[in-house]
Amino acid sequence: MTTTASRSAEPLLLTQRRIWIIFSALIAGMLLASLDQTIVSTAMPTIVGELGGVEHQAWIVTSYLLATTIVMPIYGKFGDVLGRRNLFLFAIALFTIASLLCSLATDFWSFVTFRAMQGLGGGGLMILSQAIIADIVPASERGKYMGPLGGIFGLSAVAGPLLGGFFVDHLSWQWCFYINIPIGIATFLLAYFALTIPNKRAEKKLDLAGVGLLSIATACLIFFTDFGGNEEQGWDSPLTWLLGAGMLVAAALFVAVERRAEDPIIPLSLFKNKIFVNSTAIGFTLGLGMFSALAFMPTFLQMSSGTSAAVSGLLMLPMMAGMMGTSIYSGIAITKSGSYKKYPIGGTLLTIASMLWMTSLEASTPIWVICAMLFCFGAGLGLIMQVVVLVVQNSVPADIVGTATSTNNYFREVGAALGVAVFGSIFTSRLSDKLTETFAGSGAAGSNAESAAANLSPEAMSKLPEPIQDGIVSAYADSLAPVFWYLIPFLVIAFLLALRLKQIPLSDTAGMVARGEAIGGEEAYRVEAERLEAERLATERLDSEWLESERLESERRGAEYTDHPTADSGSDSRHSR
């Protein structure tokens, strides 16, 4: 153990009532983070059109993912060392403030900067929520809590596109961020009063050198892939390869520092755990394929099929229904059977089949076919995402569950950031060229054609002549659909890794109980009953003592009255005589 909990002498009792109270705060935090991502995805074409950044729109997603990825190991490790309550409150506050700044942004790159700030808070909300669940719920029962979490993701994924589309069509894109402010304040207050888990103090030196080097390596990796894939720099640019060299140097230094660190932010011993490595590799490859497909799907639906933002949001509902349904089903089934291996296997197969189907997307594809594709894709993801996290948490000691959870998520987000940066740059590069060709073919001069392509929004598109609109729709379809072919090999690798995943028994002890910070199960109810009985007896004793003191005081007053009659009484006696 590297920490000591600063708690009262009486241990925390993890009764079912307390678990659900804490879980409610986690649900609110997850809703805040997940709702934001889905709202922005629908509004992204309008945002980049108004702020002037169509050719750089991948950065809206990349900046958020980059920031989230960098801070995940920090939140995970510091949560193990310092406790998770104050970190969770900090993440909520940072996310809410960044949302306000996003709504006030007046240019594209300041907006990207504030999105990165949101990522710094959102990464904490995701990691700390998953780690706190492991703290309070045994792995053998954790599956049934996946249902509500899957429901939150489903709810936000349904409500997000709808709200995003409504705000864009009837108000303004800024409302996509205004809505986070009251939700963030309410979530903060709920967590402040409901999240009754102990704080800790560090007993070993924090690995600040590891934090810095990991952040540098991650940033260089994302910039390397993004710069290599865009037209301004390209793979032959000295800056691109300078970033690649910086990534390798920072990664090598990070490994060297972690070998000597007293309490490393990512213990290298984790990578001797075959179950952890296998599960993390599944998350990495799945992140490459999944997030790349999801990041630009609303853009495809909105621009390629000619629908409004609200309608494109509605078209994402089937995917979230599939994800929510299989997430709830797999969680309940794992709790009942204790077996988890078959779900990632089935999920990766279904995701591969769905991705193959999505390569046939065209502007003329019927809406019902698109909905069926998305439903199958979401159903596959629902069988994998939560299960992989459960497997990782179950495979490591309780005192590093936050570190293991964040490391697993870190590599998944690295895969996601890589996928969005590489495949997003391929998509936007093709799109920019095709849009420029479309506008140039309509008679616009070269510079005017490039400007029109960079500032294209759905509203501006609706005002263009029909032949140009048709050309824009074809440009989006021809740019995005072929990219799905590049993603399929990574999903195949995820399937092969799922086949090798080892099945071990699920633990029946919650993390806080294993670390001696809480009492759970039947013992918690027994101790609570004993406390209530002791409080009842103490109350009765105090009441009895109070009544006895009142009786003695009354007798004392009575005795004083007899020995010392009042003046009026004496006067009355003399008068009577």
Side-chain angles (χ1 to χ4, degrees), residues 1-7 67-91 94 120 123-124 126-128 130-132 134-135 197-221 246-277 279-280 283-284 389 392-414 507 509-518:
M1 294 290 290
T2 62
T3 60
T4 298
S6 60
R7 54 186 184 273
T68 300
T69 304
I70 287 175
V71 299
M72 276 185 173
I74 300 174
Y75 279 112
K77 182 63 180 182
F78 284 19
D80 285 340
V81 173
L82 303 174
R84 310 190 211 282
R85 182 179 186 274
N86 290 339
L87 289 175
F88 193 75
L89 293 172
F90 170 79
L94 180 60
L120 298 178
M126 294 294 182
I127 289 300
L128 295 172
Q130 293 176 353
I132 292 172
D135 284 341
I197 57 177
N199 293 317
K200 306 177 184 179
R201 60 180 178 85
E203 290 187 339
K204 294 183 179 180
K205 185 178 179 181
L206 297 177
D207 183 20
L208 298 181
V211 170
L213 288 169
L214 183 62
S215 301
I216 293 171
T218 305
C220 287
L221 173 64
M247 173 196 67
L248 295 177
V249 171
L253 291 174
F254 173 75
V255 173
V257 167
E258 296 304 274
R259 289 181 182 276
R260 298 192 303 269
E262 185 178 8
D263 191 17
I265 187 171
I266 298 181
L268 299 183
S269 60
L270 273 177
F271 298 96
K272 297 179 182 179
N273 185 325
K274 293 182 179 180
I275 296 178
F276 171 83
V277 171
S279 302
T280 300
F284 176 79
V389 175
V392 166
Q393 293 176 339
N394 186 61
S395 68
V396 299
D399 58 341
I400 60 169
V401 68
T403 301
T405 301
S406 63
T407 304
N408 173 265
N409 279 268
Y410 170 79
F411 282 101
R412 188 194 69 203
E413 295 299 325
V414 165
S507 171
T509 304
M512 290 178 63
V513 175
R515 296 192 299 266
E517 299 171 356

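- The minimum heavy-atom distance linking G402 with A131 is given by the pair CA-CB, 4.0 Å.
- Contact check for F271 versus I266: side-chain heavy atoms found under the 4.5 Å cut-off.
- One side chain, Q393 or T405, offers a donor N or O that lies under 3.5 Å from an acceptor on the other.
- Nearest approach of V401 to A134, heavy atoms of both residues: CG2-CB, 3.6 Å.
- Considering CD1 of I216 and CG of L221, their distance stands at 13.5 Å, rounded to 0.5 Å.
- Checked by atom type and distance alone, the side chain of E258 pairs as donor or acceptor with a backbone atom of I265 at under 3.5 Å.
- The structure places CG of L87 at 7.0 Å from OH of Y75, a figure rounded to the nearest 0.5 Å.
- Proximity of K77 to V211: side-chain heavy atoms (C-beta onward) are nowhere separated by under 4.5 Å.
- The CD1 atom of I127 sits 3.5 Å away from atom CG of N409, with the distance rounded to the nearest 0.5 Å.
- Between V71 and F78, the closest side-chain pair of non-hydrogen atoms is not below 4.5 Å.
- Here CG of L214 is found 8.0 Å from CD1 of I70. Values are rounded to the nearest 0.5 Å.
- Summarising the geometry of S406 relative to P73, their closest heavy-atom pair is OG-CA, 3.6 Å, with the distance given to 0.1 Å.
- We find the CD1-OG distance between I400 and S269 to be 6.0 Å, quoted to the nearest 0.5 Å.
- Interatomic distance, R84 CZ to L128 CG, rounded to the nearest 0.5 Å: 7.0 Å.
- Summarising the geometry of A209 relative to V257, their closest heavy-atom pair is CB-CG1, 4.0 Å, with the distance given to 0.1 Å.
- Considering only heavy atoms from C-beta on, T407 comes within 4.5 Å of F411 through its side chain.
- Using modelled atom types, one finds a donor on one side chain and an acceptor on the other under 3.5 Å when comparing Y410 with T218.
- Annotation: side-chain contact (heavy atoms from CB on, under 4.5 Å) contacts of N273 (sequence neighbours excluded): I275, F276, S395, V396.
- Within the 4.5 Å cutoff, the side chain of M126 has no heavy atoms near those of the T68 side chain.
- Shown here for P264 and A261, the closest heavy-atom pair between the two residues is CD-O, 3.7 Å.
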